[in-house]
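Every heavy atom of this structure was used, including side-chain atoms; hydrogens, water molecules and symmetry mates were not. These numbers were taken from a predicted model, which means no experiment stands behind them. All ligand and atom numbering here is 1-based and tracks the order in the structure.
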Amino acid sequence: MRKPVVLITGAGGEIGHSLIEQLAAAGRPSIVTLDLNPLQPAFARMVVREFTGSITDATLLDRILSEFEIDTVYHLAALLSTRSEFTPVTAHEVNVEGTLKLLEFSQREAESHGRAVLFLYPSSIAAYGLPDLATKQRAGRVREDDFNTPSTMYGCNKLYCEQLGRYYARFYKQLAADPQSGRVDFRSVRFPGLISAMTVPSGGTSDYAPEMIHAAAQGEPYACFVRPDTRIPFMAMPDGVDALLKLASAPRERLTRTAYNLSAFNPSAAEIHAEVMRAFAGADLTWKTDRKRQGIVDSWPEDVEDLAARTDWGFAPKYNFEHAFRDYLIPTIQARYRK
Ligand code: AKB
């Protein structure tokens, strides 16, 4: 007999770690992970089985399918926006072809055990592309269907995969004698920049915020690569993971969309800098704008409209800007580096 499990891809990344912890703490069903690298021992202990390899490896996916009955997929594996600009073809392979393989894998899995497979997909504010700063400032809180013209490979990948997921959920093989859509219950959130106290992200363009905090906490110098007036939405990691879990448990009939904006706080880089300096007086934080990465951040909205997420499934982040820094980020990071 195959065992019912939750599959997490990209489990060794920063969302993956928090998700494993929260699922394990809630006594949720057994977790199986797939990542390019072995999990850290503390996380490996919380899962029933760890597969090391690529989401693009069809043989490996078949092996997982043959051993486990997957009820839910959290598909977190991706190359982020900065890294994707250096290797756009690899980004497409991982972000798009990998996602397509996972969707098809979930479809087959659902057909085999006769229940829909829940498929949670983190998309991103990178799915937006505002043409210039004046438009960004005028636009304010951007709605899901506006400005869907991303300028990065990663943003294009995310936007397209949201559409692929919607296709599997609603239209899969619509001309077949026995259409099979709805077997993949695809649900997606557009995350803002996520800030975790436990991990420093790599390869993203919103990384300046977490990098500033972690560098200051370790007493290392840091030159912020965007202008002080740069503003995009951010969210504390615990709220990001809560959102994924809450969306996963929402009744399907309540959902009016397959991709939802999420918003928590949207400080300027200068405001983040001030908050970090307040906590780590004397920190060596300076400014050195990288014109090209600045261009990417300037194309992302300064805020997003998340009314649909709040109305349909009760999204309600716990942390605003001050609360996130003073009650979560700073104390947890201080404790972490003190060890
Ligand atoms: C990135 O910077 O690429 C990500 C994102 C905003 O999706 N953090």
Item to check | Donor-acceptor side-chain pairing of Y222 and D284 below 3.5 angstrom | outcome: no
Checklist entry - Out of G155, S206, G193, S84, whose heavy atom sits nearest atom 4 (C) of ligand 1? => result S206
Checklist entry - Taking C-beta and beyond as the side chain, do L39 and E50 meet within less than 4.5 Å on heavy atoms? => result yes
Checklist entry - Crowded around R115 CZ? As in, over 12 foreign heavy atoms under 6.0 Å? => result yes
Next on the checklist: Between N261 and D306, is there a side-chain donor-acceptor contact under 3.5 Å, judged purely by atom types and distance?
Outcome noted: no
Item to check | F191 heavy atom under 4.0 Å from ligand 1 | outcome: no
Checklist entry - Under 6.0 Å from the CZ atom of R170, do we count more than 12 heavy atoms belonging to anything else shown? => result yes
Item to check | Element-labelled atoms of ligand 1 that are located less than 4.0 Å from some non-hydrogen atom of G204 | outcome: 1 (C), 2 (O), 3 (O)
Next on the checklist: If I apply the N/O under 3.5 Å rule, does D207 come out as touching ligand 1?
Outcome noted: no
Checklist entry - Identify the closest protein heavy atom to atom 2 (O) of ligand 1: which residue and atom is it, and at what distance? => result T205 N, 2.6 Å
Checklist outcome for this item: The atoms of ligand 1 lying under 4.0 Å from a heavy atom of S124, numbered in the order shown, are 5 (C), 6 (C), 7 (O)
Checklist entry - Looking at atom 3 (O) of ligand 1, what's its closest protein heavy atom, distance included? => result S81 OG, 2.5 Å
Item to check | Electrostatic pair R190-E162, nearest N-O below 4.0 angstrom | outcome: yes
